[in-house]
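Worksheet for the structure shown next.
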Amino acid sequence: MKVLIVDDEKHVREAIRYFVPWEKYQISEIFEATNGQEATLIMQEQQPAIVFTDMRMPLMDGAELLEWLHHHFPNTKTIVISGYQDFNYVKPAIVYGGTDYLLKPLNSKQLIAAAEHAFKLWLEEEEERQQSHRQNMQLNVLRPLYWDKMLSDLVSGHASFQELKPSLCEELGLPGDAASCRVAVISLQRANCRLLERFHGDVTLTSFVLANVCNEVISPGRSGFAFRSWQAGTDIVILFWTAALDAEVWVRLINESMKQTYGVQVDIGLSRPVAFPEGLQNAFRQARQGLSERNLLQREGRIYHYRELTEESGSVEDHVLESLLDKLRVAVLSGDLQRMERVVDEWADQLSGLSLLTENSFLHQQEQICAVLMRWRQNEEITFELCYDEEGLFSVEHWRNQLKSMLQRLWKGNSQTPDSRLVQEIREYLNQNYAKDMTLQHIAERFFISRENVSRKFKQISGENLSDYLTALRIDKAKTLLQNTNLRLSQISELVGYEDEKYFSRVFKKSTGQTPREYRKQEGSL
């Protein structure tokens with residue numbers, strides 16, 4: 001806490017310094033000014049919590065100073081010390097919130113009592129301000145989560161529009177007379193999206209940033225709102241409630257903004273215009289279907305409109321698919337790796353020759369392949385990802401190489417030890433849950449082993465301490481957010497698992513040699 005003493009008489013300033021027990025209230029610095037003008041300069045630079053001021057001073061008197069403090073530093077506590085009982089001097093102290101009015105010559109007991117009263121009052125109010133600040137921070141974090149949940153329930157039919165309408169209008173700018181809407185959806189989890197690569201595969205961080213980008217584009221026109229979906233298979237939902245026919249323009253602007261900011265674009269499913277709010281659930285279904293039925297072989301455009309399903313199929317003909325599956329089964333049973341790879345080449349050539357290959361039909365093919373491979377290697381992990389090229393578009397060639405690599409691994413067998421698999425599982429768990437409060441005991445209970453074994457096995461297999469790995473993971477996530485977003489440090493610290501911003505800054509500096517602000521500034525100048 002800092003204090004400012006303002007009086008044109010030196011002996012008065014010295015008396016105040018002498019009598020008040022500064023150490024008791026941990027007063028860090030005491031400043032002096034001989035008039036109100038000097039005091040305003042010190043206030044702007046040092047921002048003291050308590051001001052002792054005389055009333056009659058040259059250049060700028062106490063009444064003017066009190067008025068200035070009231071407007072510029074309303075939380076500052078003021079104690080007036082004057083040689084006059086005239087009401088014209090007392091009135092400003094009353095009007096502008098002075099805590100006490102003392103008469104000269106100073107009485108030491110009255111001075112100490114007035115100072116202690118001001119100190120105590122300021123400390124109590126500061127605690128209230130800090131508490132309010134902490135609550136506001138929590139609300140700032142929780143409010144987006146609230147809307148993610150409420151709007152997810154709304155578009156899926158699990159929430160009442162009439163109950164949410166007042167808040168939608170007040171907080172999100174929904175027009176009270178909105179009569180039509182369109183819905184757009186973005187999914188990051190089904191595809192090896194290049195945007196995910198920018199955030200090291202972290203879907204939570206990526207969807208958080210993507211929702212912010214969407215809202216930065218559409219919010220100025222108050223045309224809708226983007227939120228993170230709680231529905232499986234969909235990460236971002238954008239609800240357009242005004243000028244629904246212009247929704248396609250907005251989603252194209254979103255992709256242009258993504259390309260300018262991150263050098264990538266995303267696939268977006270878009271519904272038809274529907275009546276609002278009664279058609280909202282149907283619009284959500286349409287947008288998801290537009291995305292899931294998109295043509296993976298399409299090379300132009302990233303916006304996929306809803307279309308009625310017809311007999312036209314984007315999959316390989318059933319008899320061709322069954323023939324390829326039979327060939328793969330026989331090749332797997334033979335144990336001949338080259339034979340398996342020839343089947344993969346034939347399959348990839350079939351896909352390349354198609355004009356339409358929807359994501360749904362392709363996922364069905366991959367499920368069939370997985371079923372064959374799992375019968376061959378029951379205890380092995382067999383998962384596919386949709387393969388994208390440098391432009392973020394589906395690549396048959398990448399898929400061919402991925403399947404061949406998987407067959408080679410399965411053919412050789414899995415050489416991982418149980419301990420290696422355990423450490424890998426712990427890493428994957430930390431990668432997904434780094435933002436949570438994570439203790440060694442929590443991890444031990446999660447994997448049903450002792451705390452000592454967790455530390456020892458992790459160190460033995462990975463060559464590094466588990467705590468160092470978690471810290472490095474969090475700092476890496478923080479770097480990504482500092483590079484790619486304008487989020488406040490308090491928000492970033494919570495997103496990467498640190499409740500205390502100051503502690504986060506210390507850990508970040510210890511790890512990188514720079515404070516988060518220095519790192520952000522440096523990255524922004526590159």
Side-chain angles (χ1 to χ4, degrees), residues 1-134 136 501-502 505 515 517:
M1 194 189 309
K2 299 177 183 179
V3 168
L4 172 60
I5 304 171
V6 190
D7 199 300
D8 57 342
E9 295 180 280
K10 184 178 180 180
H11 71 276
V12 175
R13 301 196 302 272
E14 290 176 344
I16 296 172
R17 274 182 173 270
Y18 177 77
F19 287 119
V20 178
W22 309 110
E23 299 81 4
K24 180 179 178 181
Y25 288 90
Q26 300 178 339
I27 304 302
S28 58
E29 294 180 86
I30 303 173
F31 301 93
E32 294 185 12
T34 60
N35 58 66
Q37 281 189 1
E38 290 181 13
T40 60
L41 296 176
I42 294 173
M43 286 298 304
Q44 290 171 337
E45 183 175 340
Q46 301 295 335
Q47 300 181 13
I50 311 296
V51 174
F52 296 81
T53 182
D54 189 15
M55 291 302 291
R56 292 191 63 179
M57 296 179 292
L59 299 180
M60 183 178 186
D61 64 19
E64 294 173 298
L65 176 60
L66 288 172
E67 182 178 2
W68 185 87
L69 288 171
H70 178 74
H71 290 296
H72 294 87
F73 294 91
N75 296 327
T76 300
K77 300 304 167 191
T78 54
I79 300 172
V80 175
I81 299 174
S82 176
Y84 302 89
Q85 297 187 38
D86 191 305
F87 181 71
N88 290 327
Y89 291 108
V90 178
K91 181 180 177 181
I94 297 173
V95 171
Y96 299 119
T99 60
D100 275 293
Y101 190 97
L102 304 178
L103 289 173
K104 299 177 182 178
L106 290 174
N107 178 292
S108 61
K109 290 184 178 180
Q110 291 179 344
L111 176 63
I112 293 171
E116 291 187 337
H117 175 239
F119 295 155
K120 183 179 180 182
L121 191 60
W122 189 88
L123 288 171
E124 289 174 351
E125 292 182 2
E126 177 64 10
E127 176 59 31
E128 292 177 0
R129 286 191 290 271
Q130 291 296 330
Q131 179 67 21
S132 176
H133 177 67
R134 288 191 291 269
N136 287 335
E501 178 188 339
K502 293 182 179 178
S505 296
T515 66
R517 285 189 173 85

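Quick caveat, the model's predicted, so the values are computed rather than measured.
Closest of all the heavy-atom pairs between Leu102 and Ala114 is CD1-CB, 3.9 Å. The shortest non-hydrogen separation linking Val20 to Ala115 is CG1-CB, 3.8 Å. Minimum interatomic distance between Ala63 and Met55 (heavy atoms only, all atoms of both residues): N-CE, 3.6 Å.
Residues that satisfy the side chain to side chain contact (heavy atoms under 4.5 Å, CB included) test with Ala39, not counting sequence neighbours, are Leu4, Val6, Ala33, Leu65. The side-chain hydrogen bond (donor to acceptor under 3.5 Å, both in side chains) search around Lys120 returns none, not counting sequence neighbours. For the side chain to side chain contact (heavy atoms under 4.5 Å, CB included) test, residues two or more places apart in sequence or in another chain that qualify with Lys109 are Asn107. Judged as a side-chain hydrogen bond (donor to acceptor under 3.5 Å, both in side chains), and not counting sequence neighbours, Gln37 has no contacts. Considering only residues two or more places apart in sequence or on other chains, Arg17 meets the side-chain hydrogen bond (donor to acceptor under 3.5 Å, both in side chains) condition with Glu32. Residues satisfying the salt bridge (Lys or Arg N to Asp or Glu O under 4.0 Å) test with Lys502, not counting sequence neighbours, are none. Under the side-chain hydrogen bond (donor to acceptor under 3.5 Å, both in side chains) criterion, Trp68 pairs with His72, not counting sequence neighbours. Qualifying side chain to side chain contact (heavy atoms under 4.5 Å, CB included) partners for Asn75, counting only residues two or more places apart in sequence or in other chains: Arg129.
Under the salt bridge (charged side-chain N to carboxylate O under 4.0 Å, His left out) criterion, the residue pairs touching residues 39-54 are Asp54-Lys104, with sequence neighbours excluded. Residue pairs meeting the side-chain hydrogen bond (donor to acceptor under 3.5 Å, both in side chains) criterion with at least one member in residues 18-27, sequence neighbours excluded, are Lys24-Glu116. Sorted by first and then second residue, the ring-ring contact (aromatic ring centres under 6.0 Å, His included) pairs involving residues 27-51 (not counting sequence neighbours) form an empty list. The list of salt bridge (charged side-chain N to carboxylate O under 4.0 Å, His left out) pairs with a residue in residues 61-80, not counting sequence neighbours, reads Lys77-Glu125.
Counting heavy atoms from C-beta outward, Thr34 and Arg13 have side chains that approach closer than 4.5 Å.
Rounding to the nearest 0.5 Å places CH2 of Trp122 at 10.5 Å from CD of Glu127. Rounding to the nearest 0.5 Å places CD1 of Ile27 at 7.0 Å from CD1 of Ile50. Atom-to-atom distance recorded for Leu106:CG and Ile112:CD1 is 11.0 Å, nearest 0.5 angstrom. Atoms CE and OG1, on Met43 and Thr40 in that order, are 9.5 Å from each other to the nearest 0.5 Å. Interatomic distance, CE of Met57 versus CD of Glu9, reported as 11.0 Å (0.5 Å rounding).
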Could you walk me through whether Met1 and Leu123 pass side chain to side chain contact (heavy atoms under 4.5 Å, CB included), step by step? CA-CA 9 Å; Met1 194 189 309; Leu123 288 171; 3.5 Å; yes

Given side chain to side chain contact (heavy atoms under 4.5 Å, CB included), test Ile79 with Leu111 step by step and report yes or no. CA-CA 9 Å; Ile79 300 172; Leu111 176 63; 5.5 Å; no

Given side chain to side chain contact (heavy atoms under 4.5 Å, CB included), test Phe52 with Asp7 step by step and report yes or no. CA-CA 8 Å; Phe52 296 81; Asp7 199 300; over 6 Å; no

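Side-chain atoms of Thr99 come within 3.5 Å of backbone N or O of Thr78 as a donor-acceptor pair.
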